[in-house]
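Take a look at the structure set out below.
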Amino acid sequence: MSFAWPSALLALLAVPLVVGVAWWSRRRQRRAAVRVTSAALVRAAVPGRSRWRRRVPAALLLLGLAVLGIGAARPQATVAVPASSTTILLALDVSGSMCSTDVQPNRLTAAEKAAADFIKAQPGGARIGLVAFAGIAGVLVPPTDDTDALLAALPNLTTSRGTAIGQAILTSIDAIADIDPAVPPTGVDVTGDPAANAYAADVIVVLTDGANTQGVEPQTAAKQAAARRLRVYTIGFGTTTPAPMVCDSSQIGDGPGGGRFGGGGPFGGGGPFGGGGPFGGRGGNPLVADYAALQQVATTTGGQFYSAKDAGQLQSALADLPRAITVTHEHRDLAAWFAGFGGLLIAVAVALSLWWNRVRHVPTAPATSTSP
């Protein structure tokens, strides 16, 4: 909780002031006490009250004044509310390893189905864009609220060589910048404020099954996103269990020389994932997601990392995302609530004090007459 007018908290000084006045008043009353000869007369004249009945109204009065004093400072609460114009860039890995059948029927088909369910589940007002990446990254569908266009693009994904996770993040940033003037493109030098606590409503979701093999490093791209207050949510997909790579004809992209995923093609026979193979490059197993790098990207940008080893876990990870990425934070003024509650406490204190201090009728004995 924060305060719009923190200097108004000085009003809380009224509480010790009231306590001091009450103490001083009671001290004067004791000095001016009148001595009487009969304690019975005092008990009959003064309403009987237990100690807690004397203290409850005073305590409620002080608490009410304290609540009003806090309300005068305009307390505000930061709450999560649905974002009215969220842009979500979904970057999908289409490297050759997505043909692995450790996830049935293969990783690419499972990812397409999970992405389709994710798109259908988004609330109205959210714009979604699709980025596909392998050795390079490109915008498949610019951010749009046209669900049909997004769903129609998913079955057209085809595999290719390499895994450029960092380039996928940079491409996603530029796709967001094209429709959101508040987000600078990657060619603009931006210095992020580490102390800033308000993230942009726009987010990037990266789904990959391998390690970065070429292009810009993921952490370098993550710093670019963090400087723009864009959160990146990462999903590491697939298992570490070797499995045949099988894609249908619509999912297989042409490599150099027209190679395919069978027989002696570029992903078959002679050491396909070694240094001279088509995945070439920087090392790291292209069939296994780099959990450490993906976790680092999410941490740098304020996002979250998910691990999905099968289709069910991937569905759960994507289903969990809307609760985090389609909300924004705003300040709600609580002054009216504090004023109402403080006034209620004071009213109850006055009511109890009047009730317990009311004048009670003291019955008197009937007069008797004496005859001479």
Side-chain angles (χ1 to χ4, degrees), residues 79-94 111-112 114-133 137-154 156-157 164-188 190 192-193 196-208 216 218 221-235 294 297-298 300-306 317-330:
V79 296
V81 297
S84 58
S85 58
T86 298
T87 298
I88 305 170
L89 257 294
L90 184 57
L92 300 175
D93 188 344
V94 293
E112 289 175 353
D117 292 341
F118 173 77
I119 291 169
K120 295 175 185 177
Q122 294 312 299
R127 294 171 297 190
I128 301 176
L130 293 178
V131 168
F133 69 94
V139 177
L140 195 63
V141 180
T144 178
D145 57 2
D146 186 347
T147 301
D148 293 335
L150 294 164
L151 295 178
L154 289 173
N156 297 324
L157 294 176
I165 298 173
Q167 186 59 48
I169 295 174
L170 296 180
T171 301
S172 299
I173 293 174
D174 286 335
I176 293 174
D178 284 342
I179 63 170
D180 187 350
V183 177
T186 55
V188 176
V190 177
D193 181 5
N197 56 8
Y199 289 107
D202 310 322
V203 298
I204 299 169
V205 180
V206 177
L207 189 158
T208 180
V216 64
K223 291 178 181 178
Q224 291 284 326
R228 293 160 174 79
R229 307 306 294 165
L230 295 175
R231 291 163 293 167
V232 181
Y233 292 79
T234 54
I235 302 175
L294 296 177
V297 167
T300 298
T301 61
Q304 189 170 344
F305 166 70
Y306 297 86
L318 286 172
D320 182 66
L321 284 175
R323 289 193 292 270
I325 65 179
T326 59
V327 297
T328 187
H329 295 83
E330 66 179 34

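Atom CD of Q304 is separated from atom OH of Y233 by 7.0 Å, given to the nearest 0.5 angstrom. Rounding to the nearest 0.5 angstrom, the gap separating the NZ atom in K120 from the CG atom in L151 is 6.0 Å. Taking CG from L318 and CD1 from I235, the interatomic distance works out to 4.0 Å, rounded to the nearest 0.5 Å.
Using a 4.5 Å heavy-atom cutoff, the side chains of I204 and I176 are in contact. Counting only heavy atoms from C-beta outward, the side chains of L157 and L140 approach each other to under 4.5 Å. Side-chain contact check for T171 versus F133: every heavy-atom pair is 4.5 Å or farther apart.
Of all heavy-atom pairs between A201 and R231, the closest is O-NH2, 4.1 Å. Contact detail for A91 and S172: the closest heavy-atom pair is CB-OG, 4.1 Å. Contact record, V216 with Q167: CG1-N, 3.4 Å, taken as the closest heavy-atom pair. Closest heavy-atom contact between I173 and A221: CD1-O, 4.3 Å. Contact record, A115 with L92: CB-CD1, 4.4 Å, taken as the closest heavy-atom pair.
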List the steps, then state whether side chain to side chain contact (heavy atoms under 4.5 Å, CB included) holds for L170 with Q224. CA-CA 8 Å; L170 296 180; Q224 291 284 326; 4.0 Å; yes
Go through it in stages, so that I can follow the logic: the residues are V297 and I169, the test is side chain to side chain contact (heavy atoms under 4.5 Å, CB included), and I'd like the CA-CA distance, side-chain angles, deciding distance and then a yes or no. CA-CA 10 Å; V297 167; I169 295 174; 4.0 Å; yes
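The side-chain contact (heavy atoms from CB on, under 4.5 Å) test with I88 is passed by exactly one of V203, D202, I119: V203. In summary, of the residues considered (L89, L154, V139), a side-chain contact (heavy atoms from CB on, under 4.5 Å) with L130 occurs for L154 alone.
Distance alone, capped at 3.5 Å, is enough to place a donor-acceptor pair between the T301 side chain and the V232 backbone.
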Using a 3.5 Å cut-off and no angle test, enumerate the donor-acceptor pairs between side-chain atoms of residues 177-187 and protein atoms at least two apart in sequence or in another chain.
| unit_1 | atom_1 | unit_2 | atom_2 | d |
| --- | --- | --- | --- | --- |
| D180 | OD1 | A182 | N | 3.0 |
| T186 | OG1 | D174 | OD1 | 3.0 |
| T186 | OG1 | D174 | OD2 | 3.0 |

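Take T208 and apply the side-chain hydrogen bond (donor to acceptor under 3.5 Å, both in side chains) test, not counting sequence neighbours, and it matches D93.
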